[in-house]
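Chain letters run A, B, ... following the sequence lines, proteins first, then strands; residues in each count from 1. For the numbers below, each heavy atom of this structure counts, side chains included, while hydrogens, waters and symmetry mates do not.
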Amino acid sequence: MTKQGPILRSQDVQPEIEQILLSGRASTASEAESIYLDEHLEEIAELAVVLNDRELRDHEAVKLLVSHGSRSWEDGRL
Amino acid sequence: MGGWPAVTTEQRLAEIARALQEEAGIDALVMGGHAVRHYGVERNTIDFDFCTGAASTDEVRSKLALSHSLGELPEGPSWRPHDFARFELGKLADGREEWLEFWVRNHLLADFNQLHARAERGTYGGRELAFLSLTDLLRSKETERESDWQDIALLEEIRDLRHLASAKTDARLVEFLSSIRSRRGFERAMMAGAFDANQIVRNAIHACVHPISYAFLVPRVKDAIPVALSAQLEPAYLDRLRQVEFGAPKHLVLVEVVRRAYKRHAMELDRQDKQRHLNQG
């Protein structure tokens with residue numbers, strides 16, 4: 001829990017993306033992921049403050065953000 | 001087919017650019033898909049996009065009619081008829097139309113004289129052509145279309161690596177760092193020791209225009225401030241960026257947050273601009 005509210009939970013990320021897809025708000029997985037990221041951007045920024053490096057790397061929302069972002073020279077690297 | 005020699009799409013663009021210049025007297029810069037290809041991104045395109053110094057789309061129409069090799073081209077619909085005109089060149093074998101498109105005024109770009117002053121010349125399709133500069137091309141792609149942002153991601157990398165390769169003086173190094181946009185560019189800069197000198201990074205921050213560039217630099221010299229950013233860096237993100245270690249995973253995550261926020265805002269601005277024009281229509 002942070003001052004702003006509960007921390008975004010890693011295990012909730014994929015179910016929420018699936019829900020976005022199933023509800024018809026998105027027609028592709030990539031679109032659903034984009035919607036998820038745009039709706040949770042401030043919470044993801046908060047993760048960068050409250051989590052340590054290992055927790056941050058392992059968090060599903062962070063992995064998603066990085067996969068939709070600018071490429072590293074090494075795949076999957078944060 | 002039809003007895004005509006086969007030409008590549010690049011040759012086709014070069015011939016069109018020649019006709020525009022020499023027959024129609026239209027001063028134009030290549031933009032869109034062919035400009036993206038020129039800068040090194042392998043990308044298919046069937047349209048021929050230009051920005052032009054013509055005063056109006058009427059001027060484009062009247063001058064285009066002077067070109068004997070382009071002939072009389074049927075005009076297609078435009079949702080911004082005072083700023084943008086498109087003409088059908090023909091149909092491909094699969095039935096898709098080929099379009100010749102002109103921006104007279106583009107809401108994302110500076111006026112033509114400024115674009116022209118910054119244009120890059122290069123050989124393309126066997127001729128020397130004038131292209132939107134890489135920076136202007138990046139700006140032209142900040143639309144509501146996801147495919148344009150995919151081009152942006154690749155073009156950012158190309159521009160960063162070009163800048164790094166030419167960063168042989170302090171001034172060039174400042175120019176590179178102040179405009180850094182890609183993760184790969186950042187990582188290569190780290191490997192090259194480009195961030196080692198405090199004053200260089202401070203000067204680069206002063207010169208930053210893009211919030212993503214600022215987000216890359218701020219943890220390194222936390223009290224330095226840009227003179228003028230093109231878009232605000234959210235105070236909440238800036239506060240967090242000032243707390244994290246430069247180059248650490250937390251820093252890189254926050255840069256991607258800033259990138260995503262910028263993209264979301266730019267897409268919304270473009271959507272609103274389009275809606276305004278449709279409402280006026």
Among the options A:Asp53, A:Leu41, A:Leu37, pick out the one with the most heavy-atom pairs lying under 4.5 Å from chain B.
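Looking at each of A:Asp53, A:Leu41, A:Leu37 in turn, A:Leu41 comes out on top.
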With heavy-atom distances below 4.5 Å as the criterion, would you say the side chains of A:Leu56 and B:Val253 are in contact?
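Yes, at least one pair of side-chain atoms sits under 4.5 Å.
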Check: A:Ser70 side chain, B:Arg183 main-chain N or O, donor-acceptor pair, under 3.5 Å
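Side chain of A:Ser70 to backbone of B:Arg183: a pair is present.
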Donor-acceptor check, side chain of B:Lys250 to backbone of A:Leu51, threshold 3.5 angstrom: yes or no?
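Confirmed, B:Lys250 side chain pairs with A:Leu51 backbone.
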So for [X], is it side chain, backbone, both, or neither that comes closer than 4.5 Å to the heavy atoms of chain B?
| X | result |
| --- | --- |
| A:Glu42 | both |
| A:Ser30 | neither |
| A:Val62 | side chain |

Might you work through the side-chain contact (heavy atoms from CB on, under 4.5 Å) test for B:Glu256 and A:His68, ending with a clear yes or no?
CA-CA 9 Å; B:Glu256 293 310 314; A:His68 276 251; over 6 Å; no
Mind checking which of residues 150-168 of chain B sit less than 4.5 Å from chain A, heavy atom to heavy atom?
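Near chain A, by residue number: B:Leu154, B:Glu157, B:Leu161.
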Closest heavy-atom pair and its distance - B:Leu254, A:Ala45:
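Minimum heavy-atom separation between B:Leu254 and A:Ala45: CD2-O, 3.9 Å.
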Can you tell me which portion of B:Gln243 sits under 4.5 Å from chain A's heavy atoms? Options are side chain, backbone, both or neither.
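Contact with chain A: side chain only.
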Tell me if the [atom1] atom of [X] is crowded by more than 12 foreign heavy atoms within 6.0 Å.
| X | atom1 | value |
| --- | --- | --- |
| B:Arg172 | CZ | no |
| B:Glu268 | CD | yes |
| B:Arg271 | CZ | yes |
| B:His265 | NE2 | no |
| A:Asn52 | CG | yes |

One thing to verify: whether B:Arg260 and A:Asp38 come together as a salt bridge, which I'm taking to mean a side-chain N less than 4.0 angstrom from a carboxylate O.
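A salt bridge links A:Asp38 with B:Arg260.
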If only side-chain N and O atoms count, and only distance matters, is there a donor-acceptor pair under 3.5 Å linking A:Ser72 with B:Glu187?
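The criterion, which ignores hydrogens and geometry beyond distance, is satisfied for A:Ser72 and B:Glu187.
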